[in-house]
Amino acid sequence: MKAKSSNISKRRAAAKAKDTSSKIYQRRRAEIAVEAARVFNKKGFQGTTISAVAEELQIDRASIYYYISSKEELFDEVIREASEENVAKAQRIQKSDARASEKLRTLMVELMASYAATYPLLYIYIREDLTQVSDTRSKWASQMRKINRDYDNAVTAIIEEGYKDGSFKDIGSPRLVAYGILGMLNWTNRWFTPSKAKVPPRELGEMFANLVISGLE
């Protein structure tokens, strides 16, 4: 077992030294991340193993270790990519020509849709304490903190825009209002399960948006 582990480590070290900057290497990592997301989605974080991901890809486990060192690294990459996509979407919404209320509505609906589409991955991440991750994940934690700030900033900018053009009444700090909105959506991790929900995620997002916007307009 020790010799096998050592061989895998040598293969990964050689791959990293030679291929990490190559498009083929990065594309293969991305393909593995996509398949891993499906496994995490079906089995949850605790129930997912590298072997299960290998089975999904129909390749041997050693081949995955050539690209990914651990389940945690795989999970972190999937979470980062999903979060980056959400930030990019939020920034596009914030910079659009729509009214502030429509921007906020669209953002809230899209975030709920993302939680459902990635279930339970982003919910697992919401419960992650970024100050308590291991040293080996510190770089990832730093990246995620920036992603979180960028998303918070997009929501805050929408509230500020609504205050400025008079479409929202000024009820207090735009940043705190943004935190309140995101806190409400994030709390759904405690009770929302897409497969069991009587209300579809986008409809749920609309309901929350109506609640918030009616209080701001």
Side-chain angles (χ1 to χ4, degrees), residues 29-48 53 56 71-96 98 100-130 133 140-159 161 175 177-213:
R29 275 178 64 96
E31 290 170 354
I32 291 173
V34 168
E35 295 302 326
R38 296 176 185 172
V39 180
F40 281 125
N41 197 8
K42 288 189 294 187
K43 298 178 178 292
F45 180 70
Q46 295 300 328
T48 297
V53 176
E56 187 81 11
K71 175 176 74 172
E72 287 74 19
E73 180 185 349
L74 197 51
F75 175 79
D76 290 353
E77 183 159 325
V78 170
I79 290 298
R80 180 177 53 75
E81 290 180 355
S83 298
E84 286 175 338
E85 184 177 333
N86 280 344
V87 166
K89 191 177 297 182
Q91 291 174 334
R92 287 195 299 270
I93 292 169
Q94 186 260 313
K95 294 174 183 177
S96 72
S101 60
E102 284 309 305
K103 290 181 182 182
L104 186 57
R105 179 184 304 280
T106 302
L107 184 144
M108 293 178 71
V109 170
E110 290 298 329
L111 186 56
M112 276 306 307
S114 176
Y115 286 159
T118 62
Y119 184 86
L121 301 183
L122 286 176
Y123 280 163
I124 294 172
Y125 166 65
I126 286 171
R127 296 190 288 269
E128 179 96 43
D129 184 350
L130 293 181
V133 299
W140 170 80
S142 178
Q143 292 172 335
M144 293 307 300
R145 279 191 285 268
K146 182 183 183 305
I147 290 171
N148 292 345
R149 286 195 300 272
D150 289 344
Y151 199 96
D152 293 346
N153 289 340
V155 182
T156 300
I158 293 174
I159 303 302
E161 181 183 331
R175 177 73 64 179
V177 172
Y179 285 162
I181 293 168
L182 293 174
M184 178 174 65
L185 294 174
N186 291 347
W187 188 255
T188 59
N189 82 87
R190 301 293 295 269
W191 53 266
F192 180 68
T193 303
S195 62
K196 299 178 182 179
K198 295 181 180 180
V199 179
R202 288 184 176 276
E203 188 176 329
L204 191 59
E206 286 278 1
M207 184 181 74
F208 286 143
N210 287 336
L211 178 65
V212 171
I213 293 169

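When side chains are defined from C-beta on, R80 counts as touching E84, because their heavy atoms get closer than 4.5 Å. Between N153 and R175 there is a side-chain heavy-atom pair separated by less than 4.5 Å. Looking at heavy atoms from C-beta onward, I181 lies out of side-chain contact with L107 at the 4.5 angstrom threshold. For the pair I159 and L104, the minimum side-chain heavy-atom distance is below 4.5 Å.
Separation of atoms CD1 (I147) and CG (N86) is listed at 10.0 Å; rounding is to 0.5 Å.
A salt bridge does not link R202 to E206: none of the charged nitrogens lies less than 4.0 Å from a carboxylate oxygen. For the pair R29 and E81, the salt-bridge criterion is not met [side-chain N within less than 4.0 Å of a carboxylate O].
Residues satisfying the ring-ring contact (aromatic ring centres under 6.0 Å, His included) criterion with Y123, sequence neighbours excluded, are Y115, Y119.
Contact between A100 and I158 at its shortest, heavy atoms only, is O-CG2, 3.5 Å. Of all heavy-atom pairs between V78 and A36, the closest is CG2-CB, 4.4 Å. Here the shortest heavy-atom pairing between M144 and S83 reads CE-OG, 3.4 Å. Considering every non-hydrogen atom in both A82 and T118, the closest pair reads CB-CG2, 4.3 Å. Closest heavy-atom contact between V199 and F192: O-CE1, 3.9 Å.
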